[in-house]
A.B. asks: 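Have a look at this one before I ask anything.
In what follows, every heavy atom counts, from backbone to side chain, and hydrogens, waters and symmetry copies are set aside. Numbering starts at 1 and runs along the sequence shown.
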Amino acid sequence: MALPFPSRRSLILLLSPPLVAALISLLWQTDFARELENVTIDRRFIARSERDPAPHPEIALVGIGEQSLEKVGRWQDWTRDIHAQFLTALTYRPPKIIAFDLFFPEASKNESQDLAFADALASMHGSMTGMYVQPEEAGTERSIPTDPDLLATLSALPNFEGDINAVLGGSSADLPIPVIAESSYTGSVNFPPSEIDGLRREIPLIVRLNDQIYPSLVLQMLMQKADAKPEDVHIYLGREIRVPKAGGGSWSIPIDQRGLHYLNYRSTARFLITDYIALFLQINKTASGAPWPDELPPIEDQIVIVGQSAQGLSDFGPTPYRALDPLFVVQATALDSILREDFITRTSPGLTLGAWLILAWGTMFLLQRAPTLLAILIPAVIVVSFVGIAFAVFTSHSILFPMVLPIAGFVAVHSIMIGDRLAVESKEKKYIRGVFGSYVAPDIVNQIISSGKTPELGGEKVNITVLFSDIQGFSTFSEQLTPEALVELMVEYLSALTDIVTDSGGTLDKYIGDAIDAMFGAPLPLEGHAYKGVMAAIKMQRKQIELDEFWQEENRPEIIQQMRTRIGLNTGAAVVGNMGSKRRFNYTMMGDNVNLGARCESAAKTYGVYTMITEDTYRAAREVKDDIVYRYLDQIIVQGRTLPVKIYEVFEQANRVSEDSIRCIEIYEEAYRAYLACEWDKAISLFEQSSALEFYQPGRDHGIKTNPSLVMIARCEVMKGTPPEENWDGVYRMTTK
């Protein structure tokens, strides 16, 4: 007897769950699915944060914060003898471990400062600094291997099982200078953000340098706490790192095949960050007999981690709790989790899919003949209950269930079943499918449509002129104006200046707050783009004056009436095209010449000018038309580059420049020649003459703190006291961006 052919409803009941399960397994590791899942994980971190336990009592964080920068100065000006003094003060309350979440790969100009820091490190038990291994990715050129002699100060971890090539690493590293490496332990500070959402979700507890395994800063702290030697540590890639405890037993830290440990975030607000200089001053007071404040951590016998905590410094990143958190707090989070053995347990994909299949088949079977309302309501209740359970077990036991794909798949199979039922009961029912498309910047929509091409990721190398503008002292505007007034001002300002850019043939790249980023020569070729870019900058400065006068007539706040705009331009090859993620991208520009244009805008502040261009823009613009007055300012090396670049100030069109300004330029150029010849007194005398003719004068003009002549006078005074080396080429290295 032949078996009856199964009905369509039976086929849906039998086949839709495994088919959806197969789809889930395919999507499991896609960026899109991981990004959505990460959102739910972050919500779980946040939901339990009020119940998070206090950090491990042995951990103390010391941050180089605003108070420290106010006392000592800009971070760039900090010298290593400051750290030496800090460590010397700590001898009055010696910590168990002192770890600098910083690395010191270059020698100081003053060797004695390095020696002082090294001696102080050597005097502290468990002192350590960071190193950074340069990762090598597949398909990239191998970097120059680190000198083996430099590795002699590091202690590799010899006991490991698994594929060493899977571990984050490479053949070169930024190591502490030898005198520092010899005086302290070293741990890697490699901590790459997730490529999906930029959060640090996994911390490398080990790194590979050539064919050796080395500990991270966190693992190094743990080893020193336990007095564990490298040979005492056992690494099982894909399973755990085992570190013996001083009193017996061991820590078993879960890691994946790459040596990454998944962070069990607890609220970063739990950590008290003590200011670096404030702690230094308090220790000195206590050494003189003052009592130790209750509100400060004891420091003595603690694990002290030093890092950057001042907003604006580089070592910040997003966490589930804040858009920007000091990253040494995240390092402390990892150490705290290990010390309290508070790890996340992640359910395996196979177990999850098996349980999902049983649930999907069971509910579909039970609800196949249920009323439509119940067939909708019961799966909804199950989904809500699952979400509640997932949050509850995560809060109580740090067990992490995947949510997005299982829920989406569960909804999908029940939607299929209900959809089939509705199709059978009412053939008139129509299903609407959504259309998903790519979104591009509004200012290039017409060009994309005209080309008939679908927006795709990628770009091409073209010669363009880039323009970057920024409002002087914009943070003050944000402080003094209401949000509504600030938005109104920005709309007015950006509209006026952007119109000039587009009317001049430029393309708006993007706005970054008050800043305008634009390009001339893309997406369509633009003849004479350098000259048009310079003229656009001149017109923007004219418009700024008109706006100031208009705001004065309207009796706007004084800060608005005296607004000034700085502009930087550079000309050269750049990559332009659709950049971004696979799901969302924009037409933009990137490359070294783009960065140099941005540096020109920021460097203009140093010289006290308002439109600065590079030599490439200067030459290209003059080839088109020579009706603009420029001033050669200097030859500099901007941060992030090694090659010098000549820079010029843009004044105005020749028929708008005063005789005093022309005379100022002539004297400045003569003074600059004396400066290059190391004739300091002559240069200072001439720069003083040009200073009197400068268009902008400190003390007379609002917001003016210096001008090029005053800058060069100050530099000559320094050079006079500390002459440059022989064969000096006159290049000045910028120390700020």
Side-chain angles (χ1 to χ4, degrees), residues 28-46 101 130-138 157 160 162-170 187-208 213-222 235-243 251-268 315-322 325-349 394 398-404:
W28 206 284
Q29 292 301 321
T30 62
D31 290 352
F32 177 70
R34 290 167 62 195
E35 183 176 4
L36 291 178
E37 190 64 41
N38 285 344
V39 172
T40 74
I41 294 172
D42 291 344
R43 296 309 304 173
R44 281 176 265 187
F45 282 130
I46 293 170
D101 187 15
M131 71 172 181
Y132 181 81
V133 176
Q134 299 291 345
E136 290 179 352
E137 299 177 0
L157 303 176
F160 63 88
D163 181 10
I164 190 174
N165 293 312
V167 177
L168 174 72
S188 85
V189 294
N190 289 74
F191 203 170
S194 166
E195 295 179 357
I196 304 301
D197 54 17
L199 265 69
R200 269 77 177 176
R201 297 188 178 277
E202 299 171 307
I203 182 170
L205 292 181
I206 52 174
V207 293
R208 174 180 55 82
I213 294 293
Y214 294 93
S216 70
L217 195 68
V218 169
L219 184 55
Q220 187 68 265
M221 285 187 277
L222 191 68
I235 301 164
Y236 306 93
L237 294 177
R239 197 173 80 204
E240 65 182 4
I241 296 177
R242 193 172 296 161
V243 181
W251 286 286
S252 295
I253 312 163
I255 58 172
D256 65 10
Q257 291 85 351
R258 301 163 295 169
L260 301 181
H261 171 67
Y262 197 88
L263 279 170
N264 190 12
Y265 272 104
R266 298 287 182 174
S267 174
T268 53
D315 205 20
F316 277 71
T319 67
Y321 311 99
R322 293 188 181 93
D325 251 329
L327 290 183
F328 80 116
V329 175
V330 184
Q331 298 268 19
T333 297
L335 180 61
D336 172 59
S337 174
I338 294 170
L339 292 178
R340 293 188 300 104
E341 299 185 86
D342 177 27
F343 306 129
I344 282 180
T345 301
R346 306 174 75 181
T347 57
S348 69
F394 186 74
S398 294
I399 297 174
L400 190 59
F401 292 146
M403 290 176 59
V404 173

A.B. asks: Between the main-chain N or O of Val329 and the side-chain N or O of Thr333, is there a donor-acceptor pair closer than 3.5 Å?
C.D. replies: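 At least one qualifying donor-acceptor pair exists.
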
A.B. asks: Out of curiosity, Asp325 CG to Arg200 CZ, how far, rounded to the nearest 0.5 Å?
C.D. replies: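 One finds 11.0 Å between CG of Asp325 and CZ of Arg200.
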
A.B. asks: If you take all heavy atoms of Arg266 and Ser398, which pair is closest and at what distance?
C.D. replies: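 Looking at all heavy atoms of both residues, the shortest contact is NH2-OG, 3.6 Å.
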
A.B. asks: Counting C-beta onward and ignoring hydrogens, is there a side-chain heavy-atom pair between Pro204 and Pro192 closer than 4.5 Å?
C.D. replies: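 Counting from C-beta outward, Pro204 and Pro192 do come under 4.5 Å.
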
A.B. asks: To the nearest 0.5 Å, what is the distance between CG on Leu205 and OG on Ser216?
C.D. replies: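 Leu205 atom CG to Ser216 atom OG measures 5.0 Å (nearest 0.5 Å).
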
A.B. asks: Are the side chains of Met403 and Leu36 in touch, meaning some heavy atoms are under 4.5 Å apart?
C.D. replies: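 Not touching, per the 4.5 Å side-chain cut-off.
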
A.B. asks: As an exercise, state the distance from CG of Leu168 to CD1 of Ile203, rounded to the nearest 0.5 Å.
C.D. replies: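 Between atom CG of Leu168 and atom CD1 of Ile203 there are 11.5 Å.
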
A.B. asks: Does a side-chain heavy-atom distance below 4.5 Å link Tyr262 with Leu400?
C.D. replies: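 The answer is yes, as the side chains (C-beta and beyond) meet within the 4.5 Å cut-off.
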
A.B. asks: For Arg201, is there an ion pair with Asp42 - N to carboxylate O distance below 4.0 angstrom?
C.D. replies: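 The answer is yes: the pair qualifies as a salt bridge.
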
A.B. asks: How close do Pro135 and Asn190 get, counting heavy atoms only, and between which atoms?
C.D. replies: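 In this case the closest contact between Pro135 and Asn190 is CG-ND2, 4.2 Å.
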
A.B. asks: Quick one, Ile255 and Ile235 - any side-chain contact, counting heavy atoms below 4.5 Å?
C.D. replies: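 SC-SC contact between Ile255 and Ile235 confirmed.
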
A.B. asks: Between Phe45 and Phe394 (judged by ring centroids, cut-off 6.0 Å), do the two rings come close enough to count as a pair?
C.D. replies: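 Ring centroids of Phe45 and Phe394 are less than 6.0 Å from each other.
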
A.B. asks: Let me see the working for Ile241 and His261 under side-chain contact (heavy atoms from CB on, under 4.5 Å), right down to the final yes or no.
C.D. replies: CA-CA 10 Å; Ile241 296 177; His261 171 67; over 6 Å; no

A.B. asks: After noting the C-alpha distance and the side-chain angles of Arg208 and Ile213, does the key distance pass the side-chain contact (heavy atoms from CB on, under 4.5 Å) rule?
C.D. replies: CA-CA 5 Å; Arg208 174 180 55 82; Ile213 294 293; 4.2 Å; yes

A.B. asks: Would you say the side chain of Leu237 lies within less than 4.5 Å of the side chain of Ile206, judging by non-hydrogen atoms?
C.D. replies: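 Side-chain contact under 4.5 Å: yes.
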
A.B. asks: At their closest point, which heavy atom of Thr347 faces which heavy atom of Pro402, and how far apart are they?
C.D. replies: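 Shortest heavy-atom contact: OG1-CD, 3.3 Å.
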
A.B. asks: Using side-chain heavy atoms (C-beta onward) and a distance below 4.5 Å, is Tyr265 in contact with Val330?
C.D. replies: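 Side chain of Tyr265 against side chain of Val330, heavy atoms only: contact under 4.5 Å found.
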
A.B. asks: Are any non-hydrogen side-chain atoms of Ile338 and Val243 less than 4.5 angstrom apart?
C.D. replies: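 Result no, sub-4.5 Å side-chain heavy-atom pair not found.
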
A.B. asks: With heavy-atom distances below 4.5 Å as the criterion, would you say the side chains of Ser337 and Leu263 are in contact?
C.D. replies: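 They are not in side-chain contact.
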
